[in-house]
J.: 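One structure, pasted below without further comment.
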Amino acid sequence: MAQSDTVDRILDAAEELFAERGFSETSLRMITSKAKVNLAAVNYHFGSKNALIHAVFARFLTPFSGTLEQAFDELEERCEGQPPTLNDTLWALTESAVRMPQRNERGIAIFMRLLGLAYTQSQGHLRKFLEQEYSQPFSRFMRLLKQATPQLSAVDRYWRIQFMLGATAFTMSSSDALRDILQNKTGVETSVQEIALRLVPFLAAGMQAEKTMLTPPIYGNFSVA
């Protein structure tokens, strides 16, 4: 078996199992069994489980980062020195992800599930790896978001970005199930591209929504905390 084939088998198995079970719950033995390789092969190619987790993310994020940087270059060139709109900035990010070559039709859904797990499970090493390796394109994205939302305070912008990321991660990681539900209920088939087209204006509207008072509204005899 060629080395590249062995590496791909390991990464494919790790990617799927991590997405299904989580990082801590997935053992190297599970990965080797699914990939049909021995433990020595994992140790030889990756050295550790943490390094394997990093490699799973890098396989998507390294080409995505290049595509995203190019999309931002093209966007800023079209704007001729003016700040890009929020909608255009979000679409540059979303389109870059959607048009990435995928190894299988569930590629984006699996990756978004993994990205969500990176922030909900105790994976400090992974967050550090992502910050070190991919800070440039995502710092640029944050700068463009800030330019497009000058009316927001730093705190408001922070929370709205978190809400935006949460909505995106849920929608894209659950896209297969959501598409199946829609088809069963309405008979309408939907592509990932169509989901993105509907998602971007929703996210932009949320980022630009009027600021509300922080005092909880009163419903009947109780307040919503």
J.: For the residue pair F141 and F72, categorise the inter-ring angle as parallel (less than 30°), tilted (30 to 60°) or perpendicular (more than 60°).
T.: parallel

J.: Checking E16 against T26 for the side chain to side chain contact (heavy atoms under 4.5 Å, CB included) test, could you report, in this order, the C-alpha distance in whole Å, the side-chain angles of both residues, the deciding distance, and whether it holds?
T.: CA-CA 10 Å; E16 188 171 338; T26 300; over 6 Å; no

J.: Are there over 12 heavy-atom neighbours, none belonging to Q136, within less than 6.0 Å of that residue's CD?
T.: no

J.: Checking T171 now: which residues fulfil side chain to side chain contact (heavy atoms under 4.5 Å, CB included) with it, not counting sequence neighbours?
T.: L178, I195, L199

J.: I need the minimum non-hydrogen distance between L152 and M207, along with the two atoms involved.
T.: CD1-O, 3.5 Å

J.: Work out which heavy atom in R179 is nearest to a heavy atom in T190; give both atom names and the distance.
T.: NE-O, 2.7 Å

J.: If you define the side chain from C-beta out and look only at heavy atoms, does anything of L90 sit under 4.5 Å from M164?
T.: yes

J.: Any side-chain heavy atom of V192 sitting closer than 4.5 Å to one from M172?
T.: yes

J.: If every non-hydrogen atom of A58 is compared with every non-hydrogen atom of P63, which pair is closest and at what distance?
T.: O-CD, 3.8 Å

J.: Looking at E189, I want to see if its CD is surrounded by more than 12 non-hydrogen atoms of other residues, nucleotides or ligands under 6.0 Å.
T.: no

J.: Kindly indicate, with the supporting measurements, whether the criterion side chain to side chain donor-acceptor pair (under 3.5 Å) is fulfilled by S153 and Y158.
T.: CA-CA 8 Å; S153 69; Y158 169 82; over 6 Å; no

J.: Would you please test H125 and I53 for side chain to side chain contact (heavy atoms under 4.5 Å, CB included) and show each step?
T.: CA-CA 10 Å; H125 69 93; I53 293 173; 4.0 Å; yes

J.: Restricting to side chain to side chain contact (heavy atoms under 4.5 Å, CB included), what partner residues turn up for R143, sequence neighbours left out?
T.: E76, R140, Q147

J.: Side chain to side chain contact (heavy atoms under 4.5 Å, CB included) for L197 and W91? Distances and angles first, verdict last.
T.: CA-CA 8 Å; L197 283 170; W91 181 245; 3.7 Å; yes

J.: Is there a side-chain contact between L93 and L68 (heavy atoms, below 4.5 Å)?
T.: yes

J.: Please tell me if the side chains of H54 and L126 come closer than 4.5 Å, counting only heavy atoms from C-beta onward.
T.: yes

J.: Any heavy-atom pair between the side chains of R9 and T6 that's under 4.5 Å?
T.: no

J.: Set out, in order, the CA-CA distance, both residues' side-chain angles and the distance that settles side chain to side chain contact (heavy atoms under 4.5 Å, CB included) for I10 and T32, then state yes or no.
T.: CA-CA 7 Å; I10 295 169; T32 57; over 6 Å; no

J.: Just say parallel, tilted or perpendicular for the rings of F18 and F23, cut-offs at 30° and 60°.
T.: tilted

